Student: 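Please read through the structure below; I'll follow up with questions.
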Amino acid sequence: WTLVDEFYRDQLPTISVSVEAVLGGNYELSFGDSGVYPPGDGANGLGVMVSAGKVLGQGFSLMGDVGLRYRHGVRSDAIFSRVAMAYSYAMFSGVFTLTQTQDFDGVDANDAAFDGDFSSLKQEVSLADLGLGWTSDTGYFFGINYAQSIEGRNVGRNALTSLTMTVPF
C-alpha cells in the first residue's frame with residue numbers, strides 16, 4: 001500500500017507498507033529425481049515492511065526498508081533492513097544494496113545448548129548485493145546480480161550470482 005507518492009508530493013519520498021506471507025520449505029528432495037532441494041526450515045509466517053524511496057535526479061535514487069518477520073514454530077522471529085542506491089541511464093540500470101537480518105532469539109553454534117538443529121540458531125547476516133540490468137524497448141528486463149555475505153553469526157560465508165528476467169504483461 002502506497003502511503004505517500006513522491007510524484008504527487010515533491011518534497012517527500014515515496015512511502016509504502018507491505019505484508020508478506022512466508023512459506024516454509026524444507027531441504028527434502030522433491031521434483032522426482034531432479035536433485036532439487038527447496039530451501040527453508042519449515043517455518044511458515046508473516047512479515048510486515050515499511051519502505052521509502054526517492055528519485056534524486058540525474059538518474060540516481062535512494063531507497064530503504066525495515067521490517068519484522070514472524071515465523072511460526074521452529075525459527076526465531078527476525079528484524080531486517082535494507083538500504084540501496086540505484087543509477088539508471090537510458091535502458092541500463094545498476095543498484096548497490098546492503099541488507100541486515102537479525103533473529104530475536106536462538107542459540108549460538110558454540111553453545112552447549114546447541115543440539116545440531118540448525119533452525120534453533122540465532123542468525124545475524126549482512127549482505128552486499130550489486131545488480132546490473134537492461135530494459136528492452138518492449139519492456140523486458142534482463143539482469144545479473146552478485147551478492148556476498150560480508151558479516152554474519154551462525155551463517156555461512158556465501159556468494160550468489162543470479163540471472164533475472166521480467167516479462168511485461
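Positions are given from 1, in the same order as the sequence printed here. Note that this is a predicted model, so its numbers are computed, not measured.
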Student: Judged by atom type as modelled, is there a donor-acceptor pair below 3.5 Å linking the side chain of R71 to the main-chain atoms of S76?
Tutor: yes
Student: Is D77 salt-bridged to R69, going by a charged N under 4.0 Å from an acidic O?
Tutor: no
Student: Going from CH2 on W134 to CE on M91, what distance comes out if it is rounded to the nearest 0.5 angstrom?
Tutor: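 One gets 6.0 Å once the value is rounded to the nearest 0.5 Å.
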Student: Test side chain to side chain contact (heavy atoms under 4.5 Å, CB included) on V55 and E6 and set out the steps.
Tutor: CA-CA 8 Å; V55 174; E6 70 182 299; 3.8 Å; yes
Student: side-chain hydrogen bond (donor to acceptor under 3.5 Å, both in side chains) for Q100 and S81? Distances and angles first, verdict last.
Tutor: CA-CA 5 Å; Q100 172 74 32; S81 61; over 6 Å; no
Student: Quick check against the 3.5 Å criterion: does D5 have a side-chain atom that pairs as donor or acceptor with the backbone of F7?
Tutor: yes
Student: Quick check for you: to the nearest 0.5 Å, what is the distance between M63 atom CE and S61 atom OG?
Tutor: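 Rounded to the nearest 0.5 Å, the CE-OG separation comes to 4.0 Å.
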Student: Looking at side-chain heavy atoms only, is the closest gap between L130 and N145 below 4.5 Å?
Tutor: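 No - every pair of side-chain heavy atoms lies 4.5 Å or more apart.
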Student: Is it true that, when you exclude N110 itself, more than 12 heavy atoms of the residues, nucleotides or ligands shown sit nearer than 6.0 Å to its CG?
Tutor: no
Student: Given the rule in the salt bridge (Lys or Arg N to Asp or Glu O under 4.0 Å) test, do K122 and D103 qualify, once you have shown the distances and angles that lead to the verdict?
Tutor: CA-CA 6 Å; K122 179 176 184 175; D103 288 349; over 6 Å; no
Student: Would V17 end up clustered with F80 when hydrophobic side chains under 4.5 Å apart are linked, directly or stepwise?
Tutor: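 Different clusters: V17 never reaches F80 through Ile, Leu, Val, Met, Phe, Trp or Tyr contacts under 4.5 Å.
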Student: Looking at OG1 of T97 and CG of D129, how far apart are the two atoms once the value is rounded to the nearest 0.5 Å?
Tutor: 5.0 Å
Student: As an exercise, state the distance from CD1 of I150 to CZ of R157, rounded to the nearest 0.5 Å.
Tutor: 9.0 Å
Student: Taking all non-hydrogen atoms of both residues into account, name the closest pair between D65 and S51 and its distance.
Tutor: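 Answer, listing the atom of D65 first, then S51: CB-OG, 3.3 Å.
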Student: For T135 and F92, what are the C-alpha separation, side-chain angles and deciding distance, and is it a side chain to side chain contact (heavy atoms under 4.5 Å, CB included)?
Tutor: CA-CA 7 Å; T135 304; F92 300 97; over 6 Å; no
Student: Find out whether V167 and Y140 are in side-chain contact, i.e. whether some heavy atom of one side chain is under 4.5 Å from a heavy atom of the other.
Tutor: yes
Student: Return yes when atom CZ of R153 has more than 12 non-hydrogen atoms of other residues, nucleotides or ligands closer than 6.0 Å, and no otherwise.
Tutor: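 Counting other residues, nucleotides and ligands, CZ of R153 exceeds 12 neighbours.
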Student: Is the closest side-chain heavy-atom distance between I79 and F104 below 4.5 Å?
Tutor: yes
Student: Evaluate N158 against S149 for side-chain hydrogen bond (donor to acceptor under 3.5 Å, both in side chains), listing each step before the verdict.
Tutor: CA-CA 5 Å; N158 295 315; S149 60; 5.4 Å; no
Student: Any side-chain heavy atom of T164 sitting closer than 4.5 Å to one from I144?
Tutor: no
Student: Any chain of hydrophobic side-chain contacts (each under 4.5 Å) joining V4 to V48?
Tutor: yes
Student: Could you state the interatomic distance from CE (M165) to OG (S136), rounded to the nearest 0.5 Å?
Tutor: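 Going from the CE atom of M165 to the OG atom of S136 covers 9.0 Å.
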Student: State plainly whether one hydrophobic cluster holds both V50 and L12, where clusters connect Ile, Leu, Val, Met, Phe, Trp and Tyr through side-chain heavy atoms under 4.5 angstrom apart.
Tutor: yes
Student: Shortest non-hydrogen contact from S93 to F141?
Tutor: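 Closest approach of S93 to F141: OG-CE1, 3.8 Å.
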Student: Can you hop from F96 to L62 via hydrophobic side chains spaced under 4.5 Å?
Tutor: no
Student: Does the side chain of V107 come within less than 4.5 Å of L121's, by heavy atoms?
Tutor: yes
Student: Students often mix this up, so state it plainly: with edges at 30° and 60°, are the rings of F60 and Y87 parallel, tilted or perpendicular?
Tutor: tilted
Student: Answer yes or no: is there a side-chain heavy-atom contact under 4.5 Å between Y146 and L132?
Tutor: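 They are not in contact (no side-chain heavy atoms under 4.5 Å apart), so the answer is no.
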Student: Would L98 and L127 count as a side chain to side chain contact (heavy atoms under 4.5 Å, CB included) if you check the C-alpha gap in whole Å, the side-chain angles of each, and the deciding distance to 0.1 Å?
Tutor: CA-CA 6 Å; L98 293 172; L127 301 171; over 6 Å; no
Student: Are any non-hydrogen side-chain atoms of L46 and E20 less than 4.5 angstrom apart?
Tutor: no
Student: With a 4.5 Å heavy-atom cut-off, do K54 and Q11 have their side chains touching?
Tutor: no
Student: Decide side chain to side chain contact (heavy atoms under 4.5 Å, CB included) for E124 and N154; before the verdict, give the C-alpha distance in whole Å, the side-chain angles of both, and the deciding distance to 0.1 Å.
Tutor: CA-CA 7 Å; E124 298 173 9; N154 296 320; over 6 Å; no
